[in-house]
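Below is one structure; the comments refer to it alone.
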2 protein chains.
Amino acid sequence: MIVERKSTEIRQEQIKQAVLDIIFSDGLKNLSTRNLARQIGMSEGTIFRHFPTKQDIILSIIKDVQEEFIGSLRYIANSNKEPEQRLQEFICKTVEYLSNKKGITMLLFSEASHNNDVILKNSLMLIFNSQKNLVSKIILDGIAMEKWDGDIPVENIAMLYMGIPVSLNIELTLSAGEFHVNDFCNKMFSLMIKILKNS
Amino acid sequence: MIVERKSTEIRQEQIKQAVLDIIFSDGLKNLSTRNLARQIGMSEGTIFRHFPTKQDIILSIIKDVQEEFIGSLRYIANSNKEPEQRLQEFICKTVEYLSNKKGITMLLFSEASHNNDVILKNSLMLIFNSQKNLVSKIILDGIAMEKWDGDIPVENIAMLYMGIPVSLNIELTLSAGEFHVNDFCNKMFSLMIKILKNS
DNA sequence: TATATTTGTAAGCAAATACATACATACATA
DNA sequence: TATGTATGTATGTATTTGCTTACAAATATA
């Protein structure tokens, strides 16, 4: 039997992508290493050749989220563009990332509260807090520049912001394939602007 | 050995409560019938005496949510009080229910998208849509009475509303015990009012 | 070309899983 | 008091779980 051999990096990417696909389509509870191997078309042993444990696959995905996703959100929030434009880019980046890696939201929300692994738990909290803090930063900048209403309870708006991933996920689940990233994020952006504008 | 015997109704309530407790503290993946039995202090067989399958326990909990929770939200939304008061009661009922049954949010969100069971999947979608529609109804009533801004994209506000359970859950996980229902729901209420007010 | 290293697989492991069965005991009603 | 039924448990079972191991084959390097 001829075996195609690839580098560990490529295999790790394949495995992580398959994990997210399975989570989105079949849920976390159907994420077994057997199921995972079958989906990619490799043997179960191969998975453990490239990751020490199943948990490490999850950890690696979470690390990606921190570096790729939170990293680019931080870049957007700290740029010197107008707050309004930063907010739009911020929201659209969120929607784009989460709809490219559809399993992420469910992974974050359901792996979030439990899990004995302290490192993972802290990473997850960090992700939530980073998002909240970065949104808050943009809003506070806008208020400081007197573009937005100073009476706004910034902290709470950032909390409401968490509704976006949730609603997005529900939309993604319902609309099979026919989802438009730009429509969705622009709707959310308009709404946020409406909330923030001086009355 | 002396065995205390209780009615099926009582046992079912015990089992369902324990399921929610386990989900909140240890996560869905630690919800085994063995674990469940140990937590209540009964044998595993007893669980299957009162519920045909493990899945049926989940189904029964979802049914409770529909009847108790969505039922009371519907009652609030359809009452003839002022929209503003309805909205406050609505939000506070949400916060109260979800913090009494702490496992519910995680159960709904992670069991939501996958699961082969069509009945369960539909029930979950119904719950999300009911909440969205009932919030929308209150807002539309307020707009019709010219108390709130008619230019508001009602549908999208209802989507943002879904951020409340998520943020609540994160707060509940972080603040061990020292959580105040009224503080939280009133903050969220003020925010919503701010969004809805005529500019 | 020879050898070391990396990547693959098939088979199998102990533990945990949801659930079944056989049997015992409490309790309502005759 | 006798008896049927509902509620309990101890133990078993087939399957699935995450993970290991022994070994084969592909590739890099000498």
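Chain letters run A, B, ... following the sequence lines, proteins first and then strands; every chain starts at 1. Just so you know, these numbers use all the heavy atoms, side chains as well, and skip hydrogens, waters and symmetry mates.
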Practice item. For B:L98 and B:P165, work out which heavy atoms get closest and say how close. Key: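 Taking B:L98 first and B:P165 second, the nearest heavy atoms are CD1-CB, 3.6 Å.
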
Check your understanding: If every non-hydrogen atom of B:I47 is compared with every non-hydrogen atom of B:T33, which pair is closest and at what distance?
Key ->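 B:I47 and B:T33 have their closest heavy atoms at CD1-O, 3.5 Å.
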
**Study point:** From CA spacing to verdict: salt bridge (Lys or Arg N to Asp or Glu O under 4.0 Å), A:K187, B:E155
**Key:** CA-CA 10 Å; A:K187 268 194 295 185; B:E155 170 88 356; over 6 Å; no

Interatomic distance where [atom1] belongs to [X] and [atom2] belongs to [N] [whole Å]:
X     : N      : atom1 : atom2 : answer
A:I15 : C:dG8  : CD1   : C1'   : 12 Å
A:Q12 : C:dT6  : CD    : C1'   : 14 Å
B:D56 : C:dA18 : CG    : P     : 14 Å
A:L36 : C:dT9  : CG    : C1'   : 16 Å
B:L28 : C:dA18 : CG    : P     : 11 Å
B:F51 : D:dG8  : CZ    : P     : 13 Å
B:K29 : C:dA16 : NZ    : P     : 15 Å
B:M42 : D:dT9  : CE    : C1'   : 12 Å

Are OP1 or OP2 of [N] and a side-chain N or O of [X] less than 4.0 angstrom apart?
X     : N     : result
A:S43 : C:dG8 : no
A:T46 : C:dG8 : no
B:S7  : D:dT7 : no
B:H50 : D:dG8 : yes

Exercise for review: Salt-bridge test for A:D21 and A:K102: reply yes if a basic N is under 4.0 Å from a carboxylate O, no otherwise.
Suggested key: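 Judged by the 4.0 Å cut-off on N to carboxylate O distance, A:D21 and A:K102 do not form a salt bridge.
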
Exercise for review: Quick one: sort the A:Y97 and A:F69 rings into parallel, tilted or perpendicular, breaks at 30° and 60°.
Suggested key: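 It falls in the parallel class, under 30°.
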
Study note, to complete from the structure: Here DNA chain C, pairs taken as Watson-Crick or G-U under 3.5 Å and shown with ( ), [ ] when crossing and | when to another strand, reads ||||||||||||||||||||||||||||||

Check your understanding: Is the backbone N or O of B:K132 less than 3.5 Å from a side-chain atom of B:S136, with the two atoms forming a donor-acceptor pair by type?
Key ->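 Yes, B:S136 side chain to B:K132 backbone: donor-acceptor pair under 3.5 Å.
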
**Study point:** Sequence-distant partners of A:F189, ring-ring contact (aromatic ring centres under 6.0 Å, His included), two or more places apart
**Key:**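 Not a single residue meets the ring-ring contact (aromatic ring centres under 6.0 Å, His included) criterion with A:F189.
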
Review point. So A:L172 and A:T105, side chain to side chain contact (heavy atoms under 4.5 Å, CB included) or not? Walk me through it.
Key: CA-CA 11 Å; A:L172 283 174; A:T105 308; over 6 Å; no

Check nucleotides 19-21 of chain C for protein N or O atoms closer than 3.5 Å to its own N or O atoms and list the pairs.
{"unit_1": "C:dC19", "atom_1": "OP2", "unit_2": "B:K54", "atom_2": "N", "d": "2.7"}
{"unit_1": "C:dC19", "atom_1": "N4", "unit_2": "B:E44", "atom_2": "OE1", "d": "3.4"}
{"unit_1": "C:dC19", "atom_1": "N4", "unit_2": "B:E44", "atom_2": "OE2", "d": "3.2"}

Review point. Checking all strands, does B:L31 fall into the base, sugar-phosphate, or nothing category for heavy-atom contacts under 4.0 angstrom?
Key: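 It contacts sugar-phosphate atoms only.
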
Point to revise | Point-to-point distance, once rounded to the nearest 0.5 Å, from CD1 of B:I152 to CG of B:D149 | key: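 The distance works out to 4.5 Å.
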
